[in-house]
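A short write-up of the structure that comes next.
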Amino acid sequence: MYLAHLRLLTSKLGKKASRNLGAIHLEGRDKNRTVILMVEVHEESVYVKHHKAKLVYILSAMRHHAELLRSEGWLVDYVTLDDPENAGSFTGELARAIERHAPKQICVTEAGEWRVKAMLDSWHDRFVVPVTINPDNRFLATHAEFEAWAEGRKQLRMEYFYRNMRCKSGLLMDGNDPAGGQWNYDAENRKPANRDTAIPRPLHFTPDPITRDVMHLVTAHFSDHIGSMDSFGFAVTRADALKQQTHFLDHVLARFGDYQDAMLTDEPFLWHSILSPYINSGLLDPVELCKEVEQRYRDGNIPLNAAEGFVRQIIGWREYVRGIYWLAGPDYVRRNELGATRPLPSFYWTGQTDMHCMSQAIGQTLEYAYAHHIQRLMITGNFALLIGVEPQEVHQWYLAVYADAYEWVELPNTLGMGQFADGGMLASKPYAASGAYINRMSDYCRTCRYDVKSKTGPDACPFNSLYWDFIARNEAKLRGNSRMAMPYKNWERMSATDKSALQRQATKFLETLG
């Protein structure tokens with residue numbers, strides 16, 4: 001008997017609705033001699049206090065998939081979180097399952113993060129049953145491929161890795177050349193949005209009895225976790241995730257490129273796909289999705305900047321940050337190049353702040369377990385960078401609050417790109433910005449209690465003085481960065497009086513944070 005330990009967080013749901021979790025690793029298996037072990041364990045729910053909606057999504061998707069597997073004739077041994085015999089850990093539940101089934105082999109998909117890898121590696125010595133660790137087949141690039149690409153490079157820039165992935169996959173390629181003659185159309189993807197354009201809405205999936213049972217479970221066991229379940233509408237089956245994918249392709253994708261950096265008050269979704277939770281958990285196949293996007297472009301239904309911008313996010317950025325995560329090693333999480341030590345402000349857990357942009361980004365995060373990449377990078381991430389929050393606190397917040405957040409993808413984005421804590425291994429410069437950027441890309445500033453055009457005074461936008469305080473505070477480490485030359489030239493041009501006023505303004509604001 002084979003015992004397959006399959007975990008939604010790191011395993012792949014098959015390419016068709018009728019296929020199975022970790023499908024490629026189940027192919028060729030005898031259904032009569034295979035047990036699929038699926039477990040809900042306490043340690044995975046609390047190593048950070050995950051958003052309630054994130055827990056509901058993961059646990060409900062697992063339960064729905066178990067039912068699908070059973071309907072296809074697989075024997076599924078499913079242990080619920082509230083089972084009184086539940087050991088509370090993967091290793092403990094595997095030990096109990098070995099006693100129940102006496103398997104000849106344990107098969108598991110490779111870990112998606114370092115702490116889980118350490119656990120899987122320990123099984124070889126802990127159990128007498130042979131353990132086979134299969135590769136995670138949700139990615140184009142293997143670990144070895146990324147390491148080979150990175151070897152000898154002084155800078156590991158995503159753009160050049162992305163071009164390799166385009167060539168390997170053939171996506172948006174015309175022979176050996178990129179479609180349209182350019183690799184990257186990001187310059188065309190920075191338009192601010194306005195309310196005169198009809199804004200699409202993602203599909204909302206009403207919780208069924210299985211999901212409602214999970215909601216009750218989460219309420220009973222994780223009442224102290226962040227977030228609300230009131231607006232829960234995630235797809236929890238592959239069939240429904242595919243409906244959301246089709247909705248995006250048909251009604252949203254054409255404007256995704258133009259407005260992917262835009263932000264509007266009380267519009268959390270805009271022209272974004274809302275597919276990242278399904279891609280990262282395995283409900284959707286990323287390469288198949290990119291092929292669908294390419295086909296829409298080839299058929300003349302969407303512009304190239306939309307197709308390329310989306311494909312770049314998947315086979316470029318997603319693959320790249322995974323490569324960085326594994327290349328950097330388990331100590332990456334402790335990096336703190338800028339020596340930031342401030343605690344995360346309490347309003348990150350409540351959304352209660354007079355800064356309208358922060359209130360909007362955090363508020364929708366609490367409600368939906370979702371914010372798009374610019375809100376994460378240039379609002380909540382930018383603010384944490386400017387005030388000097390300890391990077392690990394920022395990391396743990398992002399890991400907890402977003403439904404698509406798993407450490408392999410979240411950590412490099414947060415610690416590397418958002419906080420520049422790796423000193424430039426991932427990003428070529430800190431993504432620091434004043435209120436002017438927020439005003440340019442959103443309507444947030446129009447109804448804010450603060451004045452985005454003021455740098456000092458009681459009504460001045462905090463981002464303005466905080467930006468220049470960040471520039472001054474980190475001059476010794478950042479002045480040599482060629483991409484920071486202009487900010488430091490502008491800082492040099494300021495009078496001593498203006499510099500002092502900006503830094504006093506920043507200090508006064510920081511004192512209000514505690």
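Note that the coordinates shown come from a computational prediction; the quantities given were computed from them, not determined experimentally. Hydrogens, waters and symmetry mates play no part in the numbers below; they use all other heavy atoms, side chains included.
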Begin with the C-alpha distance, continue with both residues' side-chain angles, and end with the deciding distance and a verdict on side-chain hydrogen bond (donor to acceptor under 3.5 Å, both in side chains) for S231 and E367. CA-CA 7 Å; S231 299; E367 184 172 2; 2.8 Å; yes
Determine whether L264 and L270 satisfy the following criterion, side chain to side chain contact (heavy atoms under 4.5 Å, CB included), listing intermediate values before the conclusion. CA-CA 8 Å; L264 288 176; L270 295 173; 3.9 Å; yes
Would you check if [X] and [Y] make a side-chain contact, meaning some heavy-atom pair closer than 4.5 Å?
{"X": "S454", "Y": "D459", "value": "no"}
{"X": "C461", "Y": "D451", "value": "no"}
{"X": "I279", "Y": "L289", "value": "yes"}
{"X": "M494", "Y": "W468", "value": "yes"}
{"X": "M358", "Y": "F463", "value": "yes"}
{"X": "M417", "Y": "P412", "value": "no"}
{"X": "P286", "Y": "F139", "value": "no"}
{"X": "I471", "Y": "N490", "value": "no"}

Any side-chain donor paired with an acceptor under 3.5 Å for [X] and [Y]?
{"X": "Q364", "Y": "Q375", "answer": "yes"}
{"X": "H50", "Y": "S45", "answer": "no"}
{"X": "Q313", "Y": "Y162", "answer": "no"}
{"X": "Y444", "Y": "S359", "answer": "no"}
{"X": "N280", "Y": "R318", "answer": "yes"}
{"X": "W317", "Y": "N413", "answer": "yes"}
{"X": "N189", "Y": "N305", "answer": "yes"}

Do the ring centers of [X] and [Y] come within less than 6.0 Å of each other?
{"X": "Y325", "Y": "Y332", "value": "no"}
{"X": "W491", "Y": "Y488", "value": "no"}
{"X": "W271", "Y": "F256", "value": "no"}
{"X": "F269", "Y": "Y370", "value": "yes"}
{"X": "W114", "Y": "W408", "value": "no"}

Evaluate the ring planes of H272 and H372, with Trp represented by its six-membered ring, and classify them as parallel (under 30°), tilted (30 to 60°) or perpendicular (over 60°).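 Aromatic pair H272/H372 classed parallel.
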If the plane angle is over 60° it's perpendicular, under 30° parallel, otherwise tilted; pick one for F234 and Y57.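 Taking Y57 first and then F234, their aromatic rings sit tilted (interplane angle of 30° to 60°).
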Is the backbone N or O of [Y] less than 3.5 Å from a side-chain atom of [X], with the two atoms forming a donor-acceptor pair by type?
{"X": "R479", "Y": "M484", "answer": "no"}
{"X": "R335", "Y": "A421", "answer": "no"}
{"X": "E294", "Y": "L172", "answer": "yes"}
{"X": "R255", "Y": "L253", "answer": "no"}
{"X": "R163", "Y": "P178", "answer": "no"}

Apply the test salt bridge (charged side-chain N to carboxylate O under 4.0 Å, His left out) to residues K117 and E113: give CA-CA distance (whole Å), side-chain angles for both, the deciding distance (0.1 Å), then the verdict. CA-CA 6 Å; K117 183 180 186 303; E113 53 200 66; over 6 Å; no
Show the nearest heavy-atom pair for residues [X] and [Y], with the distance to one decimal.
{"X": "R166", "Y": "V311", "answer": "CD-CG1, 4.4 Å"}
{"X": "H51", "Y": "V401", "answer": "CD2-O, 3.4 Å"}
{"X": "R190", "Y": "D261", "answer": "CG-OD2, 3.8 Å"}
{"X": "L327", "Y": "M425", "answer": "CD2-CE, 4.2 Å"}
{"X": "M229", "Y": "T219", "answer": "CE-OG1, 3.1 Å"}
{"X": "C445", "Y": "V452", "answer": "SG-CG2, 3.7 Å"}

Stepwise, does the salt bridge (charged side-chain N to carboxylate O under 4.0 Å, His left out) test hold for E44 with R115? CA-CA 11 Å; E44 288 302 303; R115 66 180 184 85; 2.8 Å; yes
cation_pi(K54, Y406) dist<6.0 Å, angle<=45: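 Judged by the rule (NZ or CZ under 6.0 Å from the ring centre, within 45° of its axis), K54 counts as positioned above Y406.
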If you apply the rule side chain to side chain contact (heavy atoms under 4.5 Å, CB included), what do you find for E267 with R195, and how did you get there? CA-CA 10 Å; E267 292 291 348; R195 297 186 182 276; 3.7 Å; yes
Can you list the steps and then say if T380 with Y398 is a side-chain hydrogen bond (donor to acceptor under 3.5 Å, both in side chains)? CA-CA 10 Å; T380 53; Y398 278 88; 2.7 Å; yes
Look up atom OG in S434 and atom CG in L386, then write down how far apart they are to the nearest 0.5 Å.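 The CG atom of L386 is 9.0 Å from OG of S434, to the nearest 0.5 Å.
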Out of curiosity, L466 CG to L510 CG, how far, rounded to the nearest 0.5 Å?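 It comes to 5.5 Å.
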Please determine which of I58, L59, T211 meets the side chain to side chain contact (heavy atoms under 4.5 Å, CB included) test together with V236.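 So the option named by the test is T211.
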Candidate pair F248 and F310, rule ring pair (Phe, Tyr, Trp, His ring centres under 6.0 Å), full reasoning: CA-CA 11 Å; F248 169 67; F310 188 83; 5.1 Å; yes
Evaluation steps, side chain to side chain contact (heavy atoms under 4.5 Å, CB included), between Q260 and H373: CA-CA 9 Å; Q260 65 175 283; H373 67 286; 3.9 Å; yes
Report the C-alpha distance between R493 and D498 in whole Å, list the side-chain angles of each, state the deciding distance to 0.1 Å, and finish with yes or no for salt bridge (charged side-chain N to carboxylate O under 4.0 Å, His left out). CA-CA 10 Å; R493 293 189 186 106; D498 288 343; over 6 Å; no
Q360 and side chain to side chain donor-acceptor pair (under 3.5 Å): which single residue from T447, D266, T265 fits?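 Going through T447, D266, T265 one by one, the side chain to side chain donor-acceptor pair (under 3.5 Å) with Q360 is satisfied by D266 alone.
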Near K508 NZ, under 6.0 Å, is it more than 12 heavy atoms from other residues, nucleotides or ligands?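 Open.
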So does E492 have more than 12 non-hydrogen atoms from other groups sitting under 6.0 Å from CD?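 Check passes, neighbour count above 12.
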For the pair D224 and K49, evaluate salt bridge (charged side-chain N to carboxylate O under 4.0 Å, His left out) and give the outcome as yes or no after the intermediate values. CA-CA 8 Å; D224 62 335; K49 287 190 172 183; 2.8 Å; yes
Checking F161 against F146 for the ring pair (Phe, Tyr, Trp, His ring centres under 6.0 Å) test, could you report, in this order, the C-alpha distance in whole Å, the side-chain angles of both residues, the deciding distance, and whether it holds? CA-CA 8 Å; F161 173 75; F146 190 86; 5.1 Å; yes
Stepwise side chain to side chain contact (heavy atoms under 4.5 Å, CB included) check, L385 with V394: CA-CA 9 Å; L385 173 68; V394 186; over 6 Å; no
